[in-house]
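The structure appears right after this line, and notes come after that.
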Amino acid sequence: MTINKKEMLLSYIRVNVAPILVDFLFGKDLPYATILPANLDIKELNGHYENTEYLPPRWLNELQQNSNNLLVIDQIDTISKQEQLKFYELLKYRKISTFVLPSECRIIITATEINKDKINEKIYSLVAQI
């Protein structure tokens, strides 16, 4: 990672205006983040029922307990552009189902290759790319 990209990433993280799309690091490079693999099953992405109570997804509980407030959607370009839309609500509204992300949560989306053939246009419109 070049110094300029690293500095830009840190400044984007500080201002937290939009999710950040990068192609120079991955979830494994951010050990203190809550990692959502792009191929995560939609059932694990959303909340779930236990008896009659609707509960938040397990990853959201982990994120709320993590003092870094860093959420990584890892390797989004490894799934189809159609499947990428399962993250749309999370990126646009900063919530999943009825559960809102912590206000200080930063979202980083990683990809091996960023181009129009790999990233869904709706997803791409919601992010800041470095």
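These numbers come from a predicted model, not from an experiment. Numbers for residues simply follow the sequence, beginning at 1.
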Under 3.5 Å, is there a donor on one side chain and an acceptor on the other for Ser97 and Asn46? no
Would you indicate whether the side-chain heavy atoms of Ile73 and Ile108 approach each other to under 4.5 Å? no
What verdict does the salt bridge (charged side-chain N to carboxylate O under 4.0 Å, His left out) test give for Lys86 and Glu83, after you've listed the backbone C-alpha separation in whole Å, the side-chain angles of each residue and the deciding distance to 0.1 Å? CA-CA 6 Å; Lys86 68 186 175 187; Glu83 189 179 357; 2.9 Å; yes
Hey, are the side chains of Leu71 and Trp59 touching, using non-hydrogen atoms and a 4.5 Å cut-off? yes
So do the side chains of Tyr49 and Leu55 get within less than 4.5 Å of each other, counting heavy atoms only? no
Can you measure from CD1 (Ile109) to CD (Gln75) and round to the nearest 0.5 angstrom? 13.5 Å
Can you confirm whether Ile119 sits close enough to Ile76 that some side-chain heavy atom of one is under 4.5 Å from a side-chain heavy atom of the other? yes
Test side-chain contact (heavy atoms from CB on, under 4.5 Å) on Leu9 and Phe24; report intermediate values, then the result. CA-CA 10 Å; Leu9 175 60; Phe24 55 88; 4.2 Å; yes
Answer yes or no: are there more than 12 heavy-atom neighbours, outside Glu113 itself, under 6.0 Å from its atom CD? yes
Quick one, Gln82 and Ser80 - any side-chain contact, counting heavy atoms below 4.5 Å? yes
Answer yes or no: is there a donor N or O on one side and an acceptor on the other, between the side chain of Asn61 and the main chain of Arg58, under 3.5 Å? no
Is there a path from Leu101 to Phe87 through hydrophobic residues (I, L, V, M, F, W, Y) whose side chains come within less than 4.5 Å of each other? yes
If you count the non-hydrogen atoms of other residues, nucleotides and ligands that lie under 6.0 Å from NZ in Lys122, is the total more than 12? no
Backbone of Lys116 reached by a side-chain donor or acceptor of Lys81 within 3.5 Å: yes
Are any of the side-chain heavy atoms of Tyr88 and Asn120 separated by less than 4.5 Å? no
Linked, directly or transitively: Ile79 and Tyr124 (ILVMFWY side chains, under 4.5 Å): yes
Is it true that Val127 and Met8 fall in one hydrophobic cluster, defined by side-chain heavy atoms closer than 4.5 Å? no
So, the side chain of Asp74 versus the backbone of Leu36: is there a donor-acceptor pair under 3.5 Å, distance only? no
Atom pair CG (Asp23) and NZ (Lys118), whose distance is rounded to the nearest 0.5 Å: 12.5 Å
Would a 4.5 Å heavy-atom cut-off, applied to side chains only, mark Ile107 and Ile20 as touching? no
Joint hydrophobic cluster, Leu21 plus Ile123, side-chain heavy atoms closer than 4.5 Å: yes
Are Leu25 and Tyr12 connected in the hydrophobic side-chain network, where two residues link if heavy atoms are under 4.5 Å apart? yes
Give a yes-or-no answer on whether the side chains of Glu53 and Asn51 include a donor-acceptor pair shorter than 3.5 Å. no
Lys/Arg-Asp/Glu bridge criterion (N-O < 4.0 Å) met for Glu89, Arg94: no
Could you tell me if the side chain of Asp77 sits less than 4.5 Å from the side chain of Ile114, heavy atoms only? no
Say whether, by atom type as modelled, one donor and one acceptor occur between the side chain of Asn69 and the main chain of Gln64 under 3.5 angstrom. no
